[in-house]
There are 2 protein chains.
Amino acid sequence: MAKKHQIPFQEVKLFSIAMPKYQKQTRFLVAVDCIIFGFDGTELKLLLVQRELEPEKGKWSLIGSFIREEEDIEKGANRILNQMTGLEGVYLEQLHAFGKPDRDPIERTISVAYFALIDIHQYERQLNDEYHAEWFPIKSAPRLIFDHEQMVEMAKKRLRYKAAFHPILFELLPEKFTVPQLQNLYEGIFDTVFDKRNFSRKIQSTNLLIKQKDKDKENSKKGAYYYKLDKRKYAANFHAFLNFIPNPDNIK
Amino acid sequence: MAKKHQIPFQEVKLFSIAMPKYQKQTRFLVAVDCIIFGFDGTELKLLLVQRELEPEKGKWSLIGSFIREEEDIEKGANRILNQMTGLEGVYLEQLHAFGKPDRDPIERTISVAYFALIDIHQYERQLNDEYHAEWFPIKSAPRLIFDHEQMVEMAKKRLRYKAAFHPILFELLPEKFTVPQLQNLYEGIFDTVFDKRNFSRKIQSTNLLIKQKDKDKENSKKGAYYYKLDKRKYAANFHAFLNFIPNPDNIK
DNA sequence: AAAATAAGTGTAAAATGTACATTTAATATC
DNA sequence: GATATTAAATGTACATTTTACACTTATTTT
């Protein structure tokens with residue numbers, strides 16, 4: 001039996017005769033970074049971690065990881081999401097591949113950014129402390145490393161765009177929520193205010209909400225009825241255009 | 001002076017002491033593939049090439065290339081677009097990063113797909129014959145290699161989605177065009193027919209068109225007035241929601 | 001008992017979307 | 001040179017959706 005020794009994977013790829021065609025091409029590091037949005041009932045938040053490596057060690061960063069040798073990109077995004085939050089089946093969508101040659105000063109890294117929407121309360125229950133992750137209100141988040149702020153900007157834009165037509169924001173809400181909470185969420189995302197009569201009517205007309213018998217008394221004396229999402233109708237109507245927003249022209 | 005010899009880039013990256021942090025990570029081939037749409041006045045078309053390498057040599061493929069060592073991804077997409085068509089300033093938008101580990105049988109390659117919209121007549125004038133590129137009607141395109149058909153499907157979907165709200169389809173038209181041509185284009189993209197009175201009114205109401213004095217007599221005895229796009233208004237309104245489509249719910 | 005607070009609800013006017021048929025300009029044909 | 005042919009151009013009435021706007025209700029606090 002031949003002497004066993006470890007050959008780094010890259011060398012195998014580069015010098016093996018089994019795959020002669022692509023030999024001359026440069027290979028790159030590929031990472032995923034996740035823009036994780038949460039909503040606490042009042043404002044939109046962003047989950048960030050402190051970077052563990054030099055340079056920029058200790059600075060705030062999106063949650064990310066290099067893609068592994070045999071790992072699908074989206075799997076990679078789900079892996080780190082699960083590591084950080086313990087959650088599975090989270091809403092996750094590819095945003096954009098960022099590839100400026102100098103975006104990571106150590107070595108060129110192409111990053112595929114994903115954005116995730118999670119119910120912040122579920123997360124709090126099963127937080128993984130190991131990574132020092134922290135929620136920041138999106139309006140007062142700290143400076144981020146590399147091009148991560150650009151990624152967040154693009155994700156916000158995408159979220160607004162989708163939310164204007166599709167019932168995507170329900171992903172951010174707990175199982176039971178009130179119409180005023182929902183309106184808060186929409187107003188936060190679009191940074192504006194809506195007439196509550198019109199908003200309520202529009203939401204109700206989608207038929208996606210099931211009224212509950214109990215009320216949330218935390219936020220008012222009268223109390224606001226809880227609603228649940230009709231998951232069947234939600235799944236069926238996710239791609240339909242529901243025109244949630246009065247003047248979509250104002251979305252940037 | 002030290003003896004000069006060539007060190008492959010990958011080795012420098014892997015073994016240099018200047019960048020110790022990322023040493024253990026796997027590096028990947030990264031490519032761009034372009035879905036190039038064109039419109040000939042009657043139907044939507046797709047620009048394809050015959051693959052030059054084994055395996056799948058001679059099979060039809062999207063136009064693509066590996067990303068070069070110091071090349072931005074979008075620059076790479078523009079590079080191959082320019083190589084193939086000689087055109088610059090073409091509408092180009094990132095679609096999605098495709099990263100299934102086995103999508104290329106030779107070696108794992110992550111491909112960032114872009115879609116481009118070009119005026120087919122401009123292209124014909126400056127075709128680069130070297131690459132054996134050919135236009136295919138989108139409805140009768142040949143089988144494509146790897147996951148390229150999936151890419152085309154996603155690009156069609158994205159194009160429909162954007163075209164429903166934004167005046168993006170003008171990118172496919174020559175400088176002068178008629179309203180019936182424009183309607184053909186919309187009907188082709190959405191695979192349906194619109195009432196021409198309503199369509200014309202809707203298009204006119206955007207104020208993006210400037211009526212010309214001359215007519216196109218190729219397609220009818222009476223002739224249809226040419227229009228030009230008002231480029232100032234187009235640029236200003238590109239992101240506005242113009243609601244071009246009667247029932248956007250029907251878009252998949 | 002009165003005051004305070006946020007939830008919940010209706011209506012009329014305006015704007016937009018939809019359905020539908022005839023006239024017009026130019027060429028081709030007899 | 002009158003008639004037929006072809007596709008372009010255009011208007012109107014009705015239905016639906018969107019918008020603007022203010023008071024009542026339920027409950028708790030004082």
Side-chain angles (χ1 to χ4, degrees), chain A residues 41-42 164-165 173 176-188 190 192-228 237 240-251, chain B residues 41-42 163-165 167 173 176-188 190 192-228 237 240-251:
Chain A
T42 310
F165 301 111
L173 289 170
K176 280 167 33 171
F177 54 85
T178 67
V179 172
Q181 273 168 19
L182 187 60
Q183 183 164 355
N184 269 343
L185 174 53
Y186 273 88
E187 291 183 343
F190 290 100
T192 182
V193 289
F194 303 124
D195 180 273
K196 66 179 174 174
R197 288 159 292 190
N198 294 338
F199 182 83
S200 170
R201 186 152 9 104
K202 197 165 249 183
I203 291 292
Q204 306 279 0
S205 76
T206 65
N207 271 69
L208 293 175
L209 300 194
I210 304 169
K211 192 172 191 170
Q212 304 302 112
K213 295 232 168 72
D214 50 337
K215 286 180 163 184
D216 162 41
K217 300 267 189 115
E218 302 246 313
N219 300 296
S220 79
K221 290 161 184 169
K222 183 177 178 181
Y225 280 106
Y226 279 119
Y227 287 81
K228 280 186 181 177
N237 287 296
F241 288 86
L242 297 173
N243 255 59
F244 282 109
I245 300 310
N247 280 304
D249 278 21
N250 300 329
I251 306 170
Chain B
T42 311
F165 301 111
L173 291 169
K176 280 168 33 170
F177 53 88
T178 68
V179 172
Q181 274 167 18
L182 187 61
Q183 183 164 355
N184 269 343
L185 174 53
Y186 272 88
E187 290 182 342
F190 291 100
T192 182
V193 290
F194 303 122
D195 180 272
K196 66 179 172 173
R197 288 159 291 190
N198 293 338
F199 182 83
S200 170
R201 188 156 2 109
K202 197 164 248 184
I203 290 292
Q204 306 279 0
S205 76
T206 65
N207 271 70
L208 292 175
L209 300 194
I210 305 169
K211 193 173 191 169
Q212 303 303 110
K213 296 233 166 70
D214 51 338
K215 285 180 164 185
D216 163 42
K217 301 265 189 118
E218 302 247 313
N219 300 297
S220 79
K221 290 161 184 166
K222 182 178 176 181
Y225 280 106
Y226 279 119
Y227 287 82
K228 280 187 180 175
N237 287 295
F241 289 86
L242 297 173
N243 255 61
F244 283 109
I245 300 309
N247 279 307
D249 277 21
N250 300 329
I251 306 170

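Residue numbers begin at 1 in each chain, while the letters A, B, ... track the order of the sequences. Treat the numbers as computed from the prediction; the structure is a model and nothing was measured.
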Problem set entry | Protein-nucleotide distance (B:L182, atom CG; D:dA9, atom P), rounded to Å | 12 Å
Under 3.5 Å, N/O pairs linking protein and nucleotides 11-13 of chain C:
unit_1 : atom_1 : unit_2 : atom_2 : d
C:dT11 : O4     : A:R201 : NH2    : 3.3

For this session: Taking only the side-chain heavy atoms of A:R197 (C-beta and beyond), determine which of C:dG10, C:dG8, D:dA8 contains the nearest atom.
Result: C:dG10
Problem set entry | Interatomic distance, B:E218 CD vs C:dA26 P [rounded to whole Å] | 17 Å
For this session: Take the protein atom CD1 of B:I203 and the nucleotide atom C1' of D:dT10, then report the distance between them rounded to whole Å.
Result: 16 Å
Exercise. Tell me: CZ of B:F194 to P of D:dT10, nearest whole Å?
Worked result: 20 Å
Exercise. Does the C:dG8 base have a donor-acceptor partner in the side chain of A:K196 within less than 3.5 Å?
Worked result: yes
Problem set entry | Distance, rounded to the nearest Å, where B:N184 contributes CG and D:dA7 contributes P | 12 Å
Exercise. Which pair of heavy atoms, one from A:N198 and one from A:D195, lies closest together, and at what distance?
Worked result: N-OD1, 3.0 Å
Problem set entry | Partners meeting side chain to side chain contact (heavy atoms under 4.5 Å, CB included) with B:Q204 (sequence neighbours left out) | B:V179, B:S200, B:Y227
Exercise. Nearest 0.5 Å, what's the CD-CG distance between A:E187 and A:L182?
Worked result: 10.0 Å
Using nucleotides 3-6 of chain D, report all nitrogen or oxygen pairs with the protein that are shorter than 3.5 Å.
unit_1 : atom_1 : unit_2 : atom_2 : d
D:dT5  : O2     : B:K221 : NZ     : 3.4

Exercise. Rounded to the nearest 0.5 Å, how far does CD1 of B:I203 lie from NZ of B:K196?
Worked result: 15.5 Å
For this session: Tell me which residues in residues 209-217 of chain B put a heavy atom below 4.0 Å from DNA chain C, sorted by number, or none.
Result: B:K215, B:K217
Check residues 213-222 of chain B and write down every donor-acceptor pair under 3.5 Å in which the side-chain atom is one partner and the other belongs to a residue at least two apart or another chain.
unit_1 : atom_1 : unit_2 : atom_2 : d
B:D214 : OD2    : B:K176 : NZ     : 2.6
B:K215 : NZ     : B:K222 : O      : 3.3
B:D216 : OD1    : B:E218 : N      : 3.0
B:D216 : OD2    : B:N219 : ND2    : 2.9
B:S220 : OG     : B:G223 : N      : 2.8

Exercise. When the ring centroid of A:F199 is compared with that of A:Y186, is the distance short of 6.0 Å?
Worked result: yes
Exercise. How many Å lie between CG on A:D195 and C1' on C:dT9, as a whole number?
Worked result: 11 Å
Problem set entry | All side-chain hydrogen bond (donor to acceptor under 3.5 Å, both in side chains) counterparts of B:Q212, not counting sequence neighbours | none
Problem set entry | Point-to-point distance, once rounded to the nearest 0.5 Å, from CG of B:L173 to CG of B:N184 | 10.5 Å
For this session: Using whole Å, report how far OH of B:Y225 lies from C1' of C:dA26.
Result: 11 Å
Seminar exercise, completed: Minimal heavy-atom distance between A:A164 and A:F190, with the atoms involved, is N-CZ, 3.8 Å
Seminar exercise, completed: Per atom distances to the B:K202 side chain, the nearest of C:dT9, C:dT18, D:dA8 is C:dT18
For this session: Using whole Å, report how far OH of B:Y227 lies from P of D:dA8.
Result: 12 Å
For this session: Kindly indicate, with the supporting measurements, whether the criterion side-chain contact (heavy atoms from CB on, under 4.5 Å) is fulfilled by B:N237 and B:T206.
Result: CA-CA 9 Å; B:N237 287 295; B:T206 65; over 6 Å; no
Problem set entry | Gap separating the CG atom of B:L185 from the OG1 atom of B:T42, nearest 0.5 angstrom | 10.5 Å
